[in-house]
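The sequence lines fix the lettering, A, B, ..., with proteins before strands; numbering per chain opens at 1.
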Amino acid sequence: MLRYLFRRVLIMIPTLFVTSVLIFTVMKLPPSDYFETYVAEMQAQGEKADLGRVEFLRTEYGLDQPVHVQYFRWITGFFKGDFGYSFEYDLPVRDVVGERLGLTVLVSFCTIILTWVIAFPIGIYSATHQYSWGDYGLSFLGLLGIAIPHFLLALVTMYFANVWFGISIGGLMEPQYFNQPMSWEKFKSILAHLWIPVLIIGAGGTGAMIRKIRANLLDELRKQYVVTAKAKGLPPRRVLMKYPFRMSLNFFVSHIGDILPTIVSGAELTAVVLSLQTTGPLLIRALQSQDMFLAGSFLMFLALLTVIGVLISDVALTLLDPRIRLQGQATK
Amino acid sequence: MATGRKPSVREAGTDLLRIEDLRIGFELHGEINEVVKGVSLRVPPGRTVALVGESGSGKTVISQSVMGLLPKQGVILGGRILFDDPKAAGGPVDLAPLDRDGSAFRKLRGGRIGMIFQEPMSSLSPVHTIGDQVSEALTLHHGLRGKAARQETERMFAAVGFRDPAGAFERYPFELSGGLRQRAMLAMALICRPALLIADEPTSALDVTIQAQVLKLMKDLQAEIGMATLIITHDLGVVANLADEVVVIYRGEIVEMGEVGDIFGAPRHPYLRALLKATPRFDMKPGERLVSLRDVAAPPRAPEARPEAGPILTVSGLCKAYGARSRGLFGTGTGEAIRAVDEVSFEVMRGECLGIVGESGSGKTTVGNLIMRARRADAGRIVYHAPEGPVDVLALDAAALRALRPRIQMIFQDPVASLSPRMSVLDIIREPMIIEGRRDVAAQKALAGELMLRVGLDPRFLNRYPHSFSGGQRQRIGIARALALRPDIIICDEPVSALDVSVQAQILNLLKDLQAELGLTYLFVSHNLAVVHYMADRIAVMARGRIVELAGRDQIFANPVHPYTRRLLAAVPHADLARPLDFARLALGNASDPASWGAPFAARPGESLTFQEIAPGHRVLACGPIIGEQAA
């Protein structure tokens, strides 16, 4: 087991290396860089750009160096906790992301929990009452959740909140609290704002999750061992939870890997519409303006989360399923 | 429908289980399709009643209704199921109107009525230890927990023949052989000492010696617990050896019923007589064909290829070991490696059918896998004599192996699991051709239709999916797939052991015809001696990874020399009351244990076993000379 873990961690290193090279290449692919875009934009507006300062920043961050040197500087920075400098915000990347990262994790975490709390009971109900009216109704709602884009739902909600209740529901807190130290007032403000984005973003995920749980559980419910469990005289609910449900968790666990990266990115458009102070809008803006260190570091972070997520999934699956744990020496 | 002997139900009050005029239907699109049409039968206390019929006859549905396990669409339309528990006061309970999930029914189910199923693999949860699954019933019905439950469970494991009951508790089903899994199932059904055991094809998935042992076990435990057994089966050999009374069911109606002696002595109903004819027997004359109940006619064809003489496959010194499971989370522990295949050598002649028989775990399937290169051999040589010259199968690189693959194909045991439910029959049959890049799409489709005809299926069914076919039809599809690349050799790994007797006869006849028409060579792996007797020209008997005896079919059946072969033959249940199984001799431990073979067949320290030819073409594994009287 330990050896397996060790091997898996070892494999992560080349994976991340290749990813980082790819990310860096993509960041460098456009013929212009942030400063050229910036200067051009300034000139288009008839203003004079501070060419001296541009030149200074270029040298300071090694943008005049050969590409591989630039890459090396960027990637070694990670180990020192230096993620580069955001030219657009004129701040180190770390400070730009700052509080937004925490808020993003908060929103995503609540969304995932909400998704699970709603989707599991409904999915189990749908599977055990297949083709009943309850199943049809709930499946319809779930499909509706999948079909409606988040941002649209966000727009509609905002509109009606304004028309009916006369309130504005944007943001994750009252603007005056942003980037301020945590206080009771701020906490209350966050709580008051949090539930709307969580509900909106959760709608689609819940629908998809219901369908997945239903399909997986239905597959398991048809298996012979369910009959065996019933033949022992177990009550229906215990049969369900101990055997088929447990088996259907396999799929669920293998999806943990996908969930981790969506905690920091994901639902960017909704975040833009609702002007949430999360990282999503930041990433989009950074990509648009070629703010290379901000965007690059961000993508690298996502890659790391993905790899870790997959590792967690695999290890959890190994622990959950004895067949994977004890077998699996396939040879040709 | 009933001819002759009228199904009679005796006076109430003495029967443990009494089914009266039971009618069960399945609801489909609002219509009710009646599958059990007024069945009456009884199970007296302590006796064994066999319910005999083929798949689809409604026998399993009856057992499900007694257990309250009918599928959701199943409806009891009428009749009574009276269960008279000797331990409960208040006389018989009618199970038919009881709520299936209600607590009254749940107390009986698993507590007073136990059930074992046909497929011990799929019937056990793969992610729970068998100890957990067996002791669960004990906790539920007797309130035993923790140590007490564990002790009782281990006692039961010992009773059903686990060699290491304490270790078995922690095992997962996939770590056990088929026989042990069925023993675990039996332990699960009997742990609460029920008054009635319902066994639905309990031994059809097992091999003979194990089957004989499980049958004996069921007999012994039945006597010990004092329970009655309702055994559901299509195997008349099992019926002859186990049952006191027989009930024959055909298309949802009982056609014959009575004491076992009367039924076998003078079978009256045509169905029963046909069933007896479809069962392969040892005393069949050369060239005699099985008569299947409904012959599916594949048009007869003239032989297309005449195989030349000479070997097509030479296997020598083949070895394969599996590492035993290491204990502990970090242990790379050195458990004893199991030698699944040990110094196996044989030749397969062009156009013959070589049967490989043995118990589960004897390595017979592994030999097939090694030849297919599905697993890598540790040592030995496999030479395939291609028309272009001999090919060393084990030394092939990936490209050469790919070129060889179409020459050797496989037919699998489980016709359900070996066909993808998400592919149409056309895609299933075409897949090998697509992989090999043979022909264009139109030609592939044409060939698929041709193959369907060949295996006796209507080519119009090509667009259907496997679930709309019966077990026998699915096996035909599997055969068509194996034929798609026109192989020389087909490895048949238990191709009929999941099928009904009547369907089995069809498939065996089909395989025989195909062999004659196409000049195929079969390596026929099976645990069923009667089936191998019907199919094979020569037979190799395997035990513990070694071939212990190899001879022509008639030689081996007329003059078995090796003790293991003899035991194997002795364990076959005959559908004949005059030849009952000798349960007393079966009790003598594990048939495949070399220690029980005695001199000169068991290896002596310092000497190795060698293959000795005792008659032309008859070879036996022994250590030192085989004395005349043993060879005689």
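Of all the listed residues (B:P71, B:G111, B:G110), the one sharing the greatest number of non-hydrogen pairs under 4.5 Å with chain A is B:G110. With respect to chain B, the highest number of heavy-atom pairs below 4.5 Å among A:A229, A:G233, A:P235 belongs to A:G233.
Residue A:T228 holds its OG1 atom at 9.0 Å from CE of B:M115, rounded to the nearest 0.5 Å. Note that the CG atom of B:D101 and the CG atom of A:L234 stand 11.5 Å from one another [nearest 0.5 Å]. Note: B:S125 OG to A:M247 CE = 6.0 Å, rounded to the nearest 0.5 Å.
Of the two parts of B:L69, only the side chain, counted from C-beta on, holds a non-hydrogen atom closer than 4.5 Å to a non-hydrogen atom of chain A. Of the two parts of B:D132, the backbone and the side chain both hold a non-hydrogen atom closer than 4.5 Å to a non-hydrogen atom of chain A. Residue B:Q64: no heavy atom, backbone or side chain, is found under 4.5 Å from chain A.
Pairs of residues two or more places apart, or lying in two chains, that qualify as ring-ring contact (aromatic ring centres under 6.0 Å, His included) and include a residue from residues 207-245 of chain A are A:F120-A:F245, A:Y243-B:H128.
Under the 3.5 Å distance criterion, the side-chain polar atoms of A:K230 are left unmatched by any main-chain donor or acceptor of B:R106. A donor-acceptor contact shorter than 3.5 Å is absent between the side chain of A:R323 and the backbone of B:F174.
Listed here is the closest heavy atom pair of B:P126 and A:P322: O-CG, 3.7 Å. The two residues A:T128 and B:K72 come nearest to each other via the heavy atoms O-NZ, 3.4 Å.
Scanning residues 136-148 of chain A against chain B with a 4.5 Å non-hydrogen threshold yields no residues. At a heavy-atom cut-off of under 4.5 Å, chain A is reached by B:E136, B:A137, B:L140, B:H141 from residues 134-143 of chain B, listed in order of number.
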* Asked: Going through the checks in order, is the side chain to side chain contact (heavy atoms under 4.5 Å, CB included) test met by B:M188 and A:K232?
  -> CA-CA 8 Å; B:M188 188 189 290; A:K232 270 184 265 186; 3.6 Å; yes

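More than 12 heavy-atom neighbours from other residues, nucleotides or ligands sit within 6.0 angstrom of NZ on A:K223.
Looking at residues two or more places apart in sequence or on another chain, you find a side chain to side chain donor-acceptor pair (under 3.5 Å) between A:R214 and A:D135.
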